[in-house]
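Structure first, then comments.
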Amino acid sequence: MRRRGRAFFDRPTERVARELLGHRFVVRDRRGIRSVRLVETEAYVAHDPANHAYRGPTRRNRSMFLRPGTLYVYRIHQVVCANLVTRPGEAVLLRAGAPLGEVRDRPSGPGRLCRALGIRIEDDGADAARGRKFLLFPSRGRRGPIAVGPRVGLRRARARRLRYLLLESPWVSRPRPRGRGRRLTSASPSGSRAGAKSRRSRTTRRRPSGGGRSGVRSVGR
DNA sequence: CCTCGGATCAGCT
DNA sequence: GCTGATCCGAGGA
C-alpha cells in the first residue's frame with residue numbers, strides 16, 4: 001500500500017484529522033521499526049486561540065509553516081508531543097494509537113505516543129510526506145465509527161469540537177461517550193459560587209472542568 | 001529582563 | 001475527581 005504524500009496533508013485540517021484515524025503511522029530508525037494505528041487526533045486550525053501558531057510564526061512553531069506533512073514536535077512539562085502539519089499554521093495533534101508490533105508502552109496520550117514511538121524533539125521539522133523516517137499509510141479495511149468532542153486540556157476554545165477518535169478503540173487517551181442523552185449537569189443556582197477565593201499557585205490552579213462529562217459524541221462513520 | 005500559563009502525566013482520594 | 005512536578009516559550013502583568 002502506498003504511503004500518504006503531500007496532497008493528503010494539503011487539505012482542510014479537520015478533514016485530515018478525521019481521516020487520519022485508522023492510519024498506520026510508522027517510525028523507522030536505527031533502533032528498528034515502530035508503528036501504531038492512529039485512534040485519536042485533534043485539529044488546530046486558523047484563528048484558533050489554542051493553536052500554537054495563533055499569533056503567527058515564532059521559533060518554536062516555525063515547522064508549522066513548512067510544507068504539508070511536516071512533523072511539528074513540541075515539548076510541554078518535559079513531555080514531547082507530535083503533530084502533522086496540514087496548511088500553513090495548522091496541524092493535527094496525534095493523541096493516541098493502537099500498538100502494532102513491538103511498542104514500549106501504551107501509546108495513549110500525545111506524550112505517551114511519542115515515547116512509545118521514540119519521537120524526540122529533534123524530529124521537529126521532519127517530512128512525513130517524503131522522508132524515510134516517518135511514514136503514513138491508509139487504513140486497511142474497516143475503520144469503525146468515529147466520535148467527535150472537545151479537545152483535551154485546553155483553557156481556551158473549549159467550545160470547539162475538534163477532537164476525533166475511534167469510538168470502539170480501547171486505546172483512546174480518555175473516556176468515550178457515556179450513554180446517549182445522559183445529562184449529569186444540574187442547573188446550578190446562581191448564588192452558589194465558592195465564596196473564598198483560595199490562593200492557588202499557577203500550577204495548582206483548578207482547571208475549568210467540563211462538568212464531569214467527556215463531551216464526546218458519536219458522529220457515525 | 002521578569003512573569004506566568006501550559007495541546008501532559010502519574011499518582012492519589 | 002484533584003494535585004504537583006518542573007521548565008520553557010511567549011508576552012509584557
Side-chain angles (χ1 to χ4, degrees), chain A residues 13-14 16-18 20-21 25 36 38-65 70-97 103-125 148-165 171-176 178 182 184-186 188 194 196-216:
Chain A
T13 304
E14 287 127 303
V16 175
R18 185 179 166 127
L20 277 173
L21 297 178
F25 183 48
V36 296
L38 296 175
V39 301
E40 182 180 347
T41 60
E42 283 177 0
Y44 289 86
V45 299
H47 313 296
D48 170 8
N51 186 340
H52 286 173
Y54 181 52
R55 298 174 197 258
T58 66
R59 191 160 81 204
R60 178 231 227 167
N61 68 22
R62 67 187 163 193
S63 54
M64 290 187 76
F65 296 88
T70 298
L71 208 60
Y72 165 51
V73 183
Y74 71 94
R75 187 167 50 201
I76 178 176
H77 284 65
Q78 309 302 102
V79 174
V80 165
C81 303
N83 300 252
L84 289 165
V85 174
T86 55
R87 286 170 167 171
E90 304 194 16
V92 176
L93 174 68
L94 307 179
R95 281 201 60 89
V103 158
R104 282 202 274 280
D105 25 42
R106 177 170 241 266
S108 297
R112 302 186 58 114
L113 176 67
C114 286
R115 197 172 51 174
L117 291 176
I119 297 175
R120 306 187 312 255
I121 195 73
E122 293 84 4
D123 294 314
D124 182 45
V148 180
R151 293 172 295 183
V152 174
L154 301 182
R155 280 157 61 83
R156 296 184 291 192
R158 282 192 58 92
R160 308 195 67 164
R161 310 201 315 165
L162 295 173
R163 177 182 176 222
Y164 303 85
L165 59 89
W171 298 99
V172 296
S173 68
R174 293 198 157 216
R176 284 165 284 155
R178 316 259 183 135
R182 178 131 173 224
L184 299 179
T185 329
S186 56
S188 60
K197 285 183 183 175
S198 60
R199 221 154 81 81
R200 311 192 102 100
S201 80
R202 60 181 189 268
T203 51
T204 60
R205 179 169 296 121
R206 181 183 280 182
R207 246 182 224 166
S209 84
R213 290 174 304 148
S214 71
V216 181

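Below, chain A is the first sequence line, B the second, and so on; all start at residue 1. None of these values were measured; they are calculated from a predicted model.
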Give me, pair by pair, the N or O atoms of the protein and of nucleotides 11-13 of chain C that are less than 3.5 Å apart, along with how far apart they are.
from	atom 1	to	atom 2	distance (Å)
dG11(C)	OP1	R55(A)	NE	2.9

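- When heavy atoms are screened at a 4.0 angstrom cut-off, R60(A) is found touching the sugar-phosphate backbone but no base atom.
- Residues meeting the side-chain contact (heavy atoms from CB on, under 4.5 Å) test with S108(A), sequence neighbours left out: R106(A), W171(A).
- Between the P atom of dA7(B) and the CG atom of L94(A) lies a distance of 16 Å, rounded to the nearest Å.
- Nucleotide dG5(B) holds its P atom 16 Å from the NE2 atom of H52(A), rounded to whole Å.
- In this structure, L154(A) atom CG and dA7(B) atom C1' are separated by 6 Å, rounded to whole Å.
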Pairing string, 5' to 3', for DNA chain C - Watson-Crick or wobble contacts under 3.5 Å, brackets [ ] where pairs cross, | to another strand
|||||.||||||.
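- In this structure, E42(A) reaches neither bases nor backbone, as no heavy-atom distance under 4.0 Å exists between it and the strands shown.
- Stacking annotation: Y74(A) is not stacked on the base of dA7(B) (requires ring centroids less than 5.5 angstrom apart and an interplanar angle below 30 degrees).
- Between V45(A) and N51(A), the closest side-chain pair of non-hydrogen atoms is not below 4.5 Å.
- In terms of the side-chain contact (heavy atoms from CB on, under 4.5 Å) criterion, residue partners of P49(A) (sequence neighbours excluded) are, by chain and number, Y54(A), R156(A), A157(A).
- Partners of R120(A) under the side-chain contact (heavy atoms from CB on, under 4.5 Å) rule, at least two apart in sequence or in another chain, are E122(A), D123(A).
- Remark: D48(A) engages R151(A) in a salt bridge (charged side-chain N to carboxylate O under 4.0 Å, His left out) (not counting sequence neighbours).
- For the pair I76(A) CD1 and dA10(C) C1', the computed distance is 13 Å after rounding to whole Å.
- A salt bridge does not link R112(A) with D105(A): every distance from a Lys NZ or Arg NE/NH1/NH2 to an Asp or Glu carboxylate oxygen is 4.0 Å or more.
- Rounding to whole angstrom units, CZ of residue R95(A) and C1' of dC9(B) are separated by 11 Å.
- For the pair R115(A) CZ and dC9(B) C1', the interatomic distance rounds to 9 Å; values are reported in whole Å.
- Straight-line distance from the NE2 atom of H77(A) to the P atom of dC7(C): 11 Å, rounded to whole Å.
- The interatomic distance linking N61(A) (CG) with dA10(C) (P) rounds to 6 Å, in whole Å.
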